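One structure below.
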Amino acid sequence: MDINITPVKTSKIKDIDFSNLAFGHVFTDHMLVCNYKNGAWEAPEIMPYGPLSFEPSARVFHYGQAVFEGMKAYKDEAGDLFLFRPDESVKRLNKSSERLAIPALPEEIFHKGLAELLHLENEWIKPGKGNSLYIRPFVIATEGAIAASPAQEYKFIIICSPAQAYYAGEVRVLIAEKFSRSADGGVGYAKAAGNYAAQFYPTSLAHKEGYQQIIWTDANTHEYLEEAGTMNIFFRIGDTLITAPTNDRILDGITRKSIVQLAQDEGVNMEVRDFSVKELKEAARSGALKEIFGSGTAAVVNPIKGFKHGDEVFELPEVTDSFAARFKDKLLNIQYNIEADPYGWRVKI
Ligand code: COI
(Lines give C-alpha, C1' and ligand atoms only; values in the text may rest on other atoms or scores of the structure.)
Protein backbone atom coordinates (compact mmCIF):
# COMPACT_ATOMS: atom_id res chain seq x y z
CA MET A 1 0.00 0.00 0.00
CA ASP A 2 1.53 3.31 -1.09
CA ILE A 3 1.02 6.38 1.05
CA ASN A 4 1.75 9.69 -0.56
CA ILE A 5 3.34 12.02 2.01
CA THR A 6 3.48 15.80 1.72
CA PRO A 7 5.48 17.03 4.73
CA VAL A 8 5.10 20.48 6.25
CA LYS A 9 7.77 23.04 5.34
CA THR A 10 8.17 24.16 8.93
CA SER A 11 6.99 22.34 12.01
CA LYS A 12 4.97 24.33 14.56
CA ILE A 13 6.24 22.17 17.44
CA LYS A 14 8.59 24.86 18.79
CA ASP A 15 5.56 27.07 19.59
CA ILE A 16 3.88 24.44 21.76
CA ASP A 17 4.08 24.50 25.56
CA PHE A 18 4.00 20.77 26.32
CA SER A 19 3.77 21.39 30.05
CA ASN A 20 0.45 23.19 29.73
CA LEU A 21 -1.83 21.41 27.27
CA ALA A 22 -5.61 21.81 27.33
CA PHE A 23 -7.00 18.50 26.08
CA GLY A 24 -7.69 18.40 22.34
CA HIS A 25 -6.80 21.97 21.41
CA VAL A 26 -3.38 21.59 19.79
CA PHE A 27 -2.83 19.44 16.71
CA THR A 28 0.33 18.01 15.22
CA ASP A 29 1.82 19.01 11.87
CA HIS A 30 0.20 16.32 9.72
CA MET A 31 -3.02 14.41 9.17
CA LEU A 32 -3.96 11.33 7.21
CA VAL A 33 -6.79 11.54 4.70
CA CYS A 34 -8.28 8.64 2.77
CA ASN A 35 -11.20 8.99 0.35
CA TYR A 36 -13.97 6.54 -0.43
CA LYS A 37 -15.28 6.96 -3.98
CA ASN A 38 -16.83 4.74 -6.65
CA GLY A 39 -17.36 1.93 -4.19
CA ALA A 40 -13.78 1.68 -2.87
CA TRP A 41 -11.35 3.22 -0.40
CA GLU A 42 -8.48 4.89 -2.25
CA ALA A 43 -4.82 5.07 -1.18
CA PRO A 44 -4.40 7.25 1.92
CA GLU A 45 -2.39 10.46 1.87
CA ILE A 46 -0.53 12.25 4.64
CA MET A 47 -0.57 16.02 4.34
CA PRO A 48 -0.11 19.13 6.48
CA TYR A 49 -2.84 19.46 9.14
CA GLY A 50 -5.27 22.13 8.02
CA PRO A 51 -8.75 23.04 6.82
CA LEU A 52 -10.52 20.87 4.26
CA SER A 53 -13.31 22.11 2.05
CA PHE A 54 -16.68 20.40 1.68
CA GLU A 55 -19.94 20.91 -0.15
CA PRO A 56 -22.40 22.58 2.24
CA SER A 57 -24.73 19.74 1.27
CA ALA A 58 -22.30 17.04 2.55
CA ARG A 59 -24.43 14.54 4.45
CA VAL A 60 -22.33 14.72 7.57
CA PHE A 61 -23.64 18.26 8.15
CA HIS A 62 -27.29 17.32 7.77
CA TYR A 63 -27.67 13.79 9.03
CA GLY A 64 -24.63 13.30 11.24
CA GLN A 65 -23.33 10.33 9.27
CA ALA A 66 -20.04 10.25 11.17
CA VAL A 67 -18.18 7.87 13.48
CA PHE A 68 -14.90 8.17 15.36
CA GLU A 69 -12.37 6.43 17.57
CA GLY A 70 -10.10 7.56 20.38
CA MET A 71 -6.62 6.09 20.83
CA LYS A 72 -3.29 7.14 22.30
CA ALA A 73 0.36 6.67 21.33
CA TYR A 74 2.89 6.32 24.15
CA LYS A 75 6.68 6.67 24.21
CA ASP A 76 8.94 4.78 26.62
CA GLU A 77 12.23 6.08 28.04
CA ALA A 78 14.16 4.39 25.20
CA GLY A 79 12.15 6.38 22.64
CA ASP A 80 10.09 3.47 21.31
CA LEU A 81 6.47 4.13 20.32
CA PHE A 82 3.49 2.02 21.37
CA LEU A 83 -0.23 1.77 20.80
CA PHE A 84 -2.70 0.06 23.14
CA ARG A 85 -4.93 -2.63 21.60
CA PRO A 86 -5.14 -0.96 18.15
CA ASP A 87 -6.95 -4.01 16.72
CA GLU A 88 -9.83 -3.30 19.05
CA SER A 89 -10.07 0.27 17.76
CA VAL A 90 -10.25 -0.61 14.09
CA LYS A 91 -12.80 -3.34 14.77
CA ARG A 92 -14.95 -0.95 16.78
CA LEU A 93 -14.63 1.75 14.10
CA ASN A 94 -16.01 -0.68 11.54
CA LYS A 95 -18.74 -1.84 13.92
CA SER A 96 -19.77 1.78 14.42
CA SER A 97 -19.60 2.36 10.65
CA GLU A 98 -21.84 -0.62 9.95
CA ARG A 99 -24.54 0.83 12.21
CA LEU A 100 -24.31 4.21 10.44
CA ALA A 101 -24.35 2.58 6.95
CA ILE A 102 -20.75 3.67 6.29
CA PRO A 103 -18.55 1.28 4.25
CA ALA A 104 -15.99 -0.66 6.29
CA LEU A 105 -12.42 0.61 6.14
CA PRO A 106 -9.75 -1.99 5.25
CA GLU A 107 -7.79 -2.64 8.44
CA GLU A 108 -4.50 -2.30 6.55
CA ILE A 109 -5.26 1.36 5.73
CA PHE A 110 -5.91 2.03 9.40
CA HIS A 111 -2.85 0.24 10.77
CA LYS A 112 -0.27 1.21 8.13
CA GLY A 113 -1.60 4.74 7.73
CA LEU A 114 -1.51 5.34 11.47
CA ALA A 115 1.99 3.88 11.89
CA GLU A 116 3.32 6.08 9.08
CA LEU A 117 1.67 9.19 10.53
CA LEU A 118 3.01 8.49 14.03
CA HIS A 119 6.57 8.00 12.82
CA LEU A 120 6.32 11.38 11.13
CA GLU A 121 5.00 12.96 14.36
CA ASN A 122 7.53 11.19 16.61
CA GLU A 123 8.78 14.46 18.15
CA TRP A 124 5.24 15.29 19.29
CA ILE A 125 5.09 12.20 21.49
CA LYS A 126 6.78 12.92 24.81
CA PRO A 127 7.98 10.14 27.12
CA GLY A 128 6.84 9.96 30.72
CA LYS A 129 3.66 8.59 32.28
CA GLY A 130 0.78 10.93 31.62
CA ASN A 131 2.18 12.34 28.37
CA SER A 132 0.68 10.88 25.24
CA LEU A 133 -0.46 11.66 21.76
CA TYR A 134 -4.25 11.44 21.53
CA ILE A 135 -5.26 10.01 18.16
CA ARG A 136 -8.63 10.75 16.63
CA PRO A 137 -9.51 8.57 13.61
CA PHE A 138 -12.91 9.39 12.13
CA VAL A 139 -15.09 8.85 9.09
CA ILE A 140 -17.48 11.43 7.65
CA ALA A 141 -19.98 11.35 4.79
CA THR A 142 -18.75 13.94 2.31
CA GLU A 143 -21.02 13.41 -0.68
CA GLY A 144 -23.22 16.42 -1.29
CA ALA A 145 -27.00 15.92 -1.49
CA ILE A 146 -29.65 16.66 1.04
CA ALA A 147 -31.27 13.31 0.41
CA ALA A 148 -31.63 11.45 3.70
CA SER A 149 -29.80 8.33 2.59
CA PRO A 150 -26.27 6.99 2.97
CA ALA A 151 -23.58 8.90 1.06
CA GLN A 152 -21.57 7.37 -1.76
CA GLU A 153 -18.43 9.31 -0.76
CA TYR A 154 -16.59 9.45 2.57
CA LYS A 155 -13.35 10.60 4.09
CA PHE A 156 -11.42 8.66 6.72
CA ILE A 157 -9.16 11.11 8.55
CA ILE A 158 -6.69 10.78 11.41
CA ILE A 159 -5.66 13.83 13.40
CA CYS A 160 -3.40 13.81 16.48
CA SER A 161 -3.22 16.01 19.54
CA PRO A 162 -0.55 15.96 22.27
CA ALA A 163 -2.33 15.28 25.55
CA GLN A 164 -2.05 15.15 29.29
CA ALA A 165 -5.08 14.74 31.59
CA TYR A 166 -8.60 14.88 30.13
CA TYR A 167 -10.26 16.08 33.34
CA ALA A 168 -8.50 18.81 35.27
CA GLY A 169 -9.67 18.82 38.87
CA GLU A 170 -12.23 16.76 40.76
CA VAL A 171 -15.15 15.12 39.00
CA ARG A 172 -18.64 14.92 40.46
CA VAL A 173 -21.56 13.47 38.54
CA LEU A 174 -25.30 13.80 38.27
CA ILE A 175 -27.34 10.63 37.81
CA ALA A 176 -29.75 10.97 34.88
CA GLU A 177 -33.45 10.96 35.71
CA LYS A 178 -34.99 12.69 32.72
CA PHE A 179 -32.69 12.74 29.71
CA SER A 180 -31.32 9.60 28.06
CA ARG A 181 -28.18 8.98 26.09
CA SER A 182 -29.32 5.92 24.20
CA ALA A 183 -32.14 3.43 23.86
CA ASP A 184 -32.61 -0.25 23.04
CA GLY A 185 -31.96 -0.89 19.37
CA GLY A 186 -30.30 2.51 18.99
CA VAL A 187 -26.72 3.61 18.36
CA GLY A 188 -25.46 3.87 21.97
CA TYR A 189 -22.84 1.15 21.45
CA ALA A 190 -21.38 2.94 18.41
CA LYS A 191 -18.94 5.82 18.57
CA ALA A 192 -21.36 7.85 16.50
CA ALA A 193 -20.65 11.59 16.57
CA GLY A 194 -24.28 12.37 17.38
CA ASN A 195 -24.16 10.31 20.60
CA TYR A 196 -21.84 12.97 21.99
CA ALA A 197 -23.68 16.04 20.65
CA ALA A 198 -26.90 14.74 22.23
CA GLN A 199 -25.24 14.87 25.65
CA PHE A 200 -24.08 18.48 25.41
CA TYR A 201 -27.34 20.10 26.48
CA PRO A 202 -28.09 17.89 29.53
CA THR A 203 -24.42 18.03 30.50
CA SER A 204 -24.44 21.83 30.30
CA LEU A 205 -27.37 21.81 32.76
CA ALA A 206 -25.32 19.54 35.04
CA HIS A 207 -22.37 21.97 34.78
CA LYS A 208 -24.57 24.78 36.05
CA GLU A 209 -25.17 22.72 39.19
CA GLY A 210 -21.43 22.07 39.59
CA TYR A 211 -21.34 18.54 38.10
CA GLN A 212 -18.86 17.73 35.32
CA GLN A 213 -20.58 14.67 33.90
CA ILE A 214 -23.82 12.72 33.87
CA ILE A 215 -24.06 9.04 34.64
CA TRP A 216 -26.63 7.85 32.15
CA THR A 217 -29.26 5.41 33.26
CA ASP A 218 -31.36 3.03 31.16
CA ALA A 219 -33.86 4.99 29.08
CA ASN A 220 -36.86 2.84 30.07
CA THR A 221 -36.78 3.11 33.86
CA HIS A 222 -33.79 5.35 34.78
CA GLU A 223 -33.10 2.76 37.47
CA TYR A 224 -29.89 1.16 36.19
CA LEU A 225 -26.51 2.84 35.89
CA GLU A 226 -24.98 2.59 32.42
CA GLU A 227 -22.08 4.86 31.40
CA ALA A 228 -20.83 8.38 31.79
CA GLY A 229 -20.73 9.42 28.15
CA THR A 230 -17.00 10.08 27.92
CA MET A 231 -16.26 7.09 30.17
CA ASN A 232 -17.54 3.70 31.25
CA ILE A 233 -18.20 3.51 34.93
CA PHE A 234 -17.14 1.24 37.82
CA PHE A 235 -18.49 1.03 41.39
CA ARG A 236 -16.63 -0.48 44.32
CA ILE A 237 -18.85 -1.83 47.09
CA GLY A 238 -16.65 -3.16 49.89
CA ASP A 239 -14.03 -5.04 47.89
CA THR A 240 -16.33 -5.95 45.02
CA LEU A 241 -15.96 -4.08 41.75
CA ILE A 242 -19.09 -3.73 39.61
CA THR A 243 -19.62 -2.47 36.09
CA ALA A 244 -22.62 -2.70 33.76
CA PRO A 245 -22.53 -5.34 31.03
CA THR A 246 -22.18 -3.90 27.54
CA ASN A 247 -25.26 -3.99 25.35
CA ASP A 248 -26.61 -1.96 22.45
CA ARG A 249 -26.87 1.14 24.65
CA ILE A 250 -23.36 1.14 26.13
CA LEU A 251 -19.99 1.74 24.48
CA ASP A 252 -17.77 -1.34 24.59
CA GLY A 253 -14.85 0.60 26.07
CA ILE A 254 -11.34 -0.77 25.50
CA THR A 255 -10.13 0.62 28.83
CA ARG A 256 -13.25 -0.84 30.47
CA LYS A 257 -12.63 -4.35 29.18
CA SER A 258 -8.93 -4.12 30.09
CA ILE A 259 -9.79 -3.19 33.69
CA VAL A 260 -12.31 -6.04 33.94
CA GLN A 261 -9.58 -8.45 32.80
CA LEU A 262 -6.95 -7.00 35.17
CA ALA A 263 -9.36 -7.12 38.12
CA GLN A 264 -10.31 -10.73 37.40
CA ASP A 265 -6.67 -11.76 37.03
CA GLU A 266 -5.72 -10.04 40.28
CA GLY A 267 -8.40 -11.97 42.15
CA VAL A 268 -10.70 -9.00 42.72
CA ASN A 269 -14.35 -9.97 42.99
CA MET A 270 -15.37 -8.47 39.64
CA GLU A 271 -19.08 -8.42 38.86
CA VAL A 272 -20.27 -7.46 35.39
CA ARG A 273 -23.96 -7.01 36.01
CA ASP A 274 -26.84 -4.56 36.11
CA PHE A 275 -26.36 -2.20 39.02
CA SER A 276 -29.20 0.00 40.20
CA VAL A 277 -29.33 3.54 41.52
CA LYS A 278 -31.18 2.11 44.56
CA GLU A 279 -28.30 -0.28 45.31
CA LEU A 280 -25.77 2.52 44.84
CA LYS A 281 -27.58 4.87 47.23
CA GLU A 282 -28.03 2.14 49.85
CA ALA A 283 -24.32 1.35 49.66
CA ALA A 284 -23.48 5.05 49.96
CA ARG A 285 -25.70 5.40 53.03
CA SER A 286 -24.32 2.29 54.75
CA GLY A 287 -20.71 3.22 54.05
CA ALA A 288 -20.18 0.15 51.83
CA LEU A 289 -19.60 2.36 48.75
CA LYS A 290 -15.85 2.90 48.58
CA GLU A 291 -15.22 4.21 45.09
CA ILE A 292 -16.74 5.22 41.79
CA PHE A 293 -14.46 5.70 38.83
CA GLY A 294 -14.75 6.22 35.11
CA SER A 295 -12.59 4.61 32.44
CA GLY A 296 -11.87 5.71 28.89
CA THR A 297 -9.01 6.28 26.49
CA ALA A 298 -8.92 10.03 27.01
CA ALA A 299 -9.64 10.00 30.74
CA VAL A 300 -7.76 6.69 31.46
CA VAL A 301 -9.13 6.03 34.99
CA ASN A 302 -10.80 8.96 36.67
CA PRO A 303 -12.08 8.88 40.26
CA ILE A 304 -15.52 10.35 40.91
CA LYS A 305 -15.61 12.37 44.10
CA GLY A 306 -19.36 12.61 44.54
CA PHE A 307 -22.77 12.26 42.93
CA LYS A 308 -26.27 13.63 43.06
CA HIS A 309 -29.56 11.84 42.44
CA GLY A 310 -32.84 13.66 42.94
CA ASP A 311 -32.27 15.97 45.88
CA GLU A 312 -29.71 13.73 47.51
CA VAL A 313 -26.02 14.54 47.36
CA PHE A 314 -23.33 12.00 48.25
CA GLU A 315 -19.58 12.42 48.75
CA LEU A 316 -17.23 9.49 48.33
CA PRO A 317 -14.87 8.61 51.20
CA GLU A 318 -11.08 8.90 50.91
CA VAL A 319 -9.62 5.42 50.42
CA THR A 320 -6.03 4.42 50.99
CA ASP A 321 -6.08 1.24 48.87
CA SER A 322 -7.85 2.74 45.86
CA PHE A 323 -8.80 0.35 43.04
CA ALA A 324 -8.87 3.35 40.67
CA ALA A 325 -5.25 4.21 41.46
CA ARG A 326 -4.17 0.56 41.34
CA PHE A 327 -5.70 -0.20 37.93
CA LYS A 328 -4.66 3.13 36.46
CA ASP A 329 -1.08 2.46 37.46
CA LYS A 330 -1.18 -1.08 36.11
CA LEU A 331 -2.61 0.08 32.79
CA LEU A 332 -0.13 2.95 32.42
CA ASN A 333 2.76 0.61 33.24
CA ILE A 334 1.66 -1.68 30.43
CA GLN A 335 1.02 1.21 28.02
CA TYR A 336 4.40 2.90 28.69
CA ASN A 337 6.42 -0.34 28.52
CA ILE A 338 7.31 -0.16 32.22
CA GLU A 339 5.83 -3.58 33.10
CA ALA A 340 5.56 -6.86 31.25
CA ASP A 341 2.41 -7.16 29.16
CA PRO A 342 1.20 -10.77 29.39
CA TYR A 343 -1.88 -9.91 27.31
CA GLY A 344 -0.20 -8.65 24.13
CA TRP A 345 -2.12 -5.36 24.43
CA ARG A 346 0.91 -3.13 23.89
CA VAL A 347 1.88 -2.92 20.23
CA LYS A 348 5.22 -1.42 19.21
CA ILE A 349 5.02 0.62 16.04
C1 COI B 1 -12.02 8.76 24.43
O2 COI B 1 -11.95 8.50 25.63
O3 COI B 1 -11.05 8.60 23.68
C4 COI B 1 -13.25 9.24 23.81
O5 COI B 1 -13.46 8.99 22.68
C6 COI B 1 -14.14 10.12 24.60
C7 COI B 1 -14.08 11.50 24.04
C8 COI B 1 -15.31 12.25 24.33
C9 COI B 1 -12.87 12.24 24.51
Side-chain angles (χ1 to χ4, degrees), residues 21-28 64 66-74 82-97 99-100 110 114 118 125 130-140 156-169 171 173 176 181-182 187-204 206-207 211-216 226-234 243-244 246 249-260 293-304 324 327-328 331-332 335 345 347:
L21 293 165
F23 190 91
H25 283 75
V26 168
F27 294 92
T28 61
V67 295
F68 71 90
E69 270 302 307
M71 306 169 74
K72 279 178 178 168
Y74 312 90
F82 301 93
L83 291 169
F84 186 69
R85 309 187 75 174
D87 284 350
E88 294 282 339
S89 294
V90 67
K91 290 202 165 50
R92 192 173 59 186
L93 182 79
N94 281 333
K95 203 171 152 197
S96 301
S97 288
R99 182 63 182 82
L100 276 278
F110 187 98
L114 179 56
L118 292 178
I125 312 171
N131 295 319
S132 65
L133 188 71
Y134 186 79
I135 302 163
R136 174 51 61 88
F138 60 107
V139 185
I140 51 173
F156 166 62
I157 302 175
I158 308 179
I159 55 177
C160 302
S161 174
Q164 288 164 320
Y166 186 74
Y167 288 107
V171 177
V173 295
R181 175 187 172 273
S182 59
V187 295
Y189 70 89
K191 273 185 97 71
N195 282 345
Y196 294 79
Q199 297 179 67
F200 293 167
Y201 174 66
T203 306
S204 71
H207 282 167
Y211 296 90
Q212 288 68 35
Q213 278 284 297
I214 293 177
I215 298 188
W216 298 102
E226 301 215 310
E227 63 150 281
T230 57
M231 301 184 287
N232 294 106
I233 196 101
F234 287 80
T243 195
T246 52
R249 301 184 304 272
I250 300 182
L251 187 85
D252 186 8
I254 297 166
T255 313
R256 173 196 171 279
K257 68 172 83 165
S258 305
I259 292 173
V260 169
F293 59 87
S295 71
T297 298
V300 194
V301 175
N302 209 98
I304 309 288
F327 292 119
K328 179 175 182 179
L331 269 178
L332 292 178
Q335 290 168 337
W345 290 341
V347 176

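Fair warning: this is a prediction, and the values are worked out from it, not measured in the lab. The basis for the numbers below is simple: all heavy atoms, side chains too, and nothing from hydrogens, waters or symmetry mates. Counting convention: from 1, in listed order, for ligands and their atoms alike.
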Side-chain polar contacts of residues 191-202 - donor-acceptor pairs under 3.5 angstrom, sequence neighbours left out - could you list them?
| from | atom 1 | to | atom 2 | distance (Å) |
| --- | --- | --- | --- | --- |
| K191 | NZ | Y196 | OH | 2.9 |
| N195 | ND2 | V187 | O | 2.9 |
| N195 | ND2 | A190 | O | 2.8 |
| Q199 | OE1 | W216 | NE1 | 2.9 |
| Q199 | NE2 | N195 | O | 3.0 |

Next on the checklist: Among Y166, Y134, Y196, which one puts a heavy atom closest to atom 1 (C) of ligand 1?
Outcome noted: Y134
Checklist entry - Excluding sequence neighbours, so at least two apart, what forms side chain to side chain donor-acceptor pair (under 3.5 Å) with T28? => result E121
Checklist entry - Taking NZ, NE, NH1 and NH2 as the nitrogens, is one of them in E69 or R92 under 4.0 Å from a carboxylate oxygen of the other? => result yes
Item to check | N-O pairing of D252 and K257 below 4.0 Å | outcome: yes
Next on the checklist: Taking 4.0 angstrom as the limit and counting only heavy atoms of G70, give me the atoms of ligand 1 inside it, by number and element.
Outcome noted: 3 (O)
Checklist entry - If you measure every N/O of T297 against every N/O of ligand 1, is any gap under 3.5 Å? => result yes
Next on the checklist: In this structure, is the centre-to-centre distance between the rings of Y74 and F82 below 6.0 Å?
Outcome noted: no
Checklist entry - Do F156 and F138 have ring centres separated by under 6.0 Å? => result no
Next on the checklist: Quick test: of every protein heavy atom, which one is nearest to atom 7 (C) of ligand 1, and how far off is it to 0.1 Å?
Outcome noted: R136 NH2, 3.9 Å
Checklist entry - Do A298 and ligand 1 have an N or O pair less than 3.5 Å apart? => result yes
Item to check | Heavy atom of the protein closest to atom 8 (C) of ligand 1 (residue, atom name, distance) | outcome: T230 CG2, 3.6 Å
Item to check | Where ligand 1 meets F68 - atom numbers and elements under 4.0 angstrom, heavy-atom basis | outcome: 5 (O)
Item to check | Protein heavy-atom partner closest to atom 5 (O) of ligand 1 - residue, atom, separation in Å | outcome: K191 NZ, 2.7 Å
